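These numbers were taken from a predicted model, which means no experiment stands behind them. Positions are given from 1, in the same order as the sequence printed here. Any value given below was found using the heavy atoms of this structure, including those in side chains, with hydrogens, waters and symmetry copies removed.
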Amino acid sequence: MGKGSKDGRKLVANNKKAYFDYFIEETYEAGIALAGTEVKSLRMGKGSIKEAFVRVEKGEVFLYGMHISPYEKGNIFNKDPLRVRKLLLHKYEINKLLGKIKEKGYTLVPLNIYFKGSLVKVEIGLARGKKLYDKRQDIAKKDQRREAEKQFKIKNLY
């Protein structure tokens, strides 16, 4: 199940790999067009955006590869778990994103799915791909931090 927080958000799924593979430069909050059974399934925490990506087509934004498990009590009303879902953004936001994506190396990546009140929202990030050496630097920083925490813990035990 998701975790509640101060600002009324309840996290359903997040994409940790996106932060490892990309530099996230800007984030946008988008609504998502879902069927009723999909919302119920998300309330139970059964959604994943690990392999998902975002595309802008004909002035509309779509989310591909997001998996929402079928709702157990949904019978005939269940939709395809991997269907393409429309994201809801203002026209000026879509135009701004289109301009940025046309620049070399930029892409749109879903970062989080969460409930804001009763509405399902998706946080999408304008991202630039990392090179292999950038990823190595991230791994080295993580190792340093882990080592420092280990030393701190040992020091405080004695």
Side-chain angles (χ1 to χ4, degrees), residues 1-132 134-139 141-142:
M1 216 55 181
K3 297 171 180 74
S5 66
K6 294 176 251 195
D7 58 352
R9 287 183 176 191
K10 186 181 142 216
L11 189 65
V12 175
N14 66 348
N15 190 353
K16 292 179 185 171
K17 201 168 191 304
Y19 291 98
F20 183 71
D21 290 338
Y22 301 98
F23 291 113
I24 308 299
E25 303 210 346
E26 288 180 49
T27 59
Y28 295 89
E29 182 180 74
I32 182 167
L34 296 173
T37 54
E38 290 175 318
V39 176
K40 289 178 181 180
S41 189
L42 282 176
R43 280 206 191 284
M44 293 166 53
K46 303 212 171 154
S48 169
I49 53 172
K50 282 190 177 90
E51 300 296 320
F53 60 95
V54 179
R55 277 205 184 132
V56 181
E57 297 169 358
K58 298 178 187 167
E60 295 183 321
V61 184
F62 294 96
L63 180 61
Y64 291 83
M66 175 181 164
H67 186 275
I68 298 177
S69 299
Y71 184 58
E72 292 103 47
K73 301 175 184 114
N75 57 42
I76 60 167
F77 299 108
N78 279 331
K79 303 280 190 209
D80 176 31
L82 285 171
R83 75 182 180 93
V84 177
R85 294 171 176 93
K86 184 176 176 181
L87 296 181
L88 310 171
L89 287 161
H90 291 287
K91 199 70 173 172
Y92 69 89
E93 289 177 314
I94 295 171
N95 290 337
K96 187 177 176 185
L97 287 174
L98 261 174
K100 293 275 189 173
I101 291 172
K102 288 191 173 147
E103 290 179 34
K104 190 173 181 256
Y106 280 104
T107 187
L108 288 173
V109 183
L111 303 173
N112 297 316
I113 302 173
Y114 55 90
F115 279 96
K116 190 173 183 183
S118 63
L119 303 174
V120 180
K121 299 286 184 178
V122 178
E123 185 178 33
I124 57 175
L126 184 66
R128 194 165 34 89
K130 284 185 181 179
K131 304 278 188 265
L132 184 62
D134 292 325
K135 292 180 188 179
R136 285 191 189 131
Q137 286 175 340
D138 281 355
I139 292 169
K141 283 180 189 171
K142 225 180 264 180

The reported gap from CG in L88 to CD in E29 (rounded to nearest 0.5 angstrom) is 11.5 Å
With a cut-off of 3.5 Å and sequence neighbours excluded, list every side-chain donor-acceptor pair involving residues 49-59.
unit_1: E57; atom_1: OE1; unit_2: Y64; atom_2: OH; d: 3.1
unit_1: E57; atom_1: OE2; unit_2: Y64; atom_2: OH; d: 2.6

Are K100 and E25 close enough that some pair of their side-chain heavy atoms sits under 4.5 Å apart? no
Pairwise distance CG(L98) to NZ(K91) - rounded to 0.5 angstrom: 8.5 Å
Measure the spacing between CD1 of I101 and CG of L126 and express it to the nearest 0.5 Å. 7.0 Å
Under a 4.5 Å cut-off applied to non-hydrogen side-chain atoms, are V122 and N112 in contact? no
Set of residues satisfying salt bridge (Lys or Arg N to Asp or Glu O under 4.0 Å) with respect to E93, sequence neighbours excluded: none
Decide side-chain hydrogen bond (donor to acceptor under 3.5 Å, both in side chains) for E26 and Y106; before the verdict, give the C-alpha distance in whole Å, the side-chain angles of both, and the deciding distance to 0.1 Å. CA-CA 11 Å; E26 288 180 49; Y106 280 104; over 6 Å; no
Do any pairs count as a salt bridge (Lys or Arg N to Asp or Glu O under 4.0 Å) and have a residue in residues 105-115, sequence neighbours left out, and if so which ones? none
Shortest non-hydrogen contact between L87 and A30, atoms and distance: CB-CB, 4.2 Å
Is the shortest side-chain heavy-atom distance between E123 and Y28 below 4.5 Å? no
Decide yes or no on side-chain contact (heavy atoms from CB on, under 4.5 Å) for V84 and L63, but give the supporting numbers first. CA-CA 6 Å; V84 177; L63 180 61; over 6 Å; no
Where P110 and I124 come nearest, the two heavy atoms and their spacing: CA-CG2, 4.1 Å
Go through V39 and F115 one step at a time and tell me if the side-chain contact (heavy atoms from CB on, under 4.5 Å) criterion holds. CA-CA 10 Å; V39 176; F115 279 96; 4.1 Å; yes
Check M66 against I32 and note the closest heavy-atom contact, atom names and distance. SD-CD1, 3.9 Å
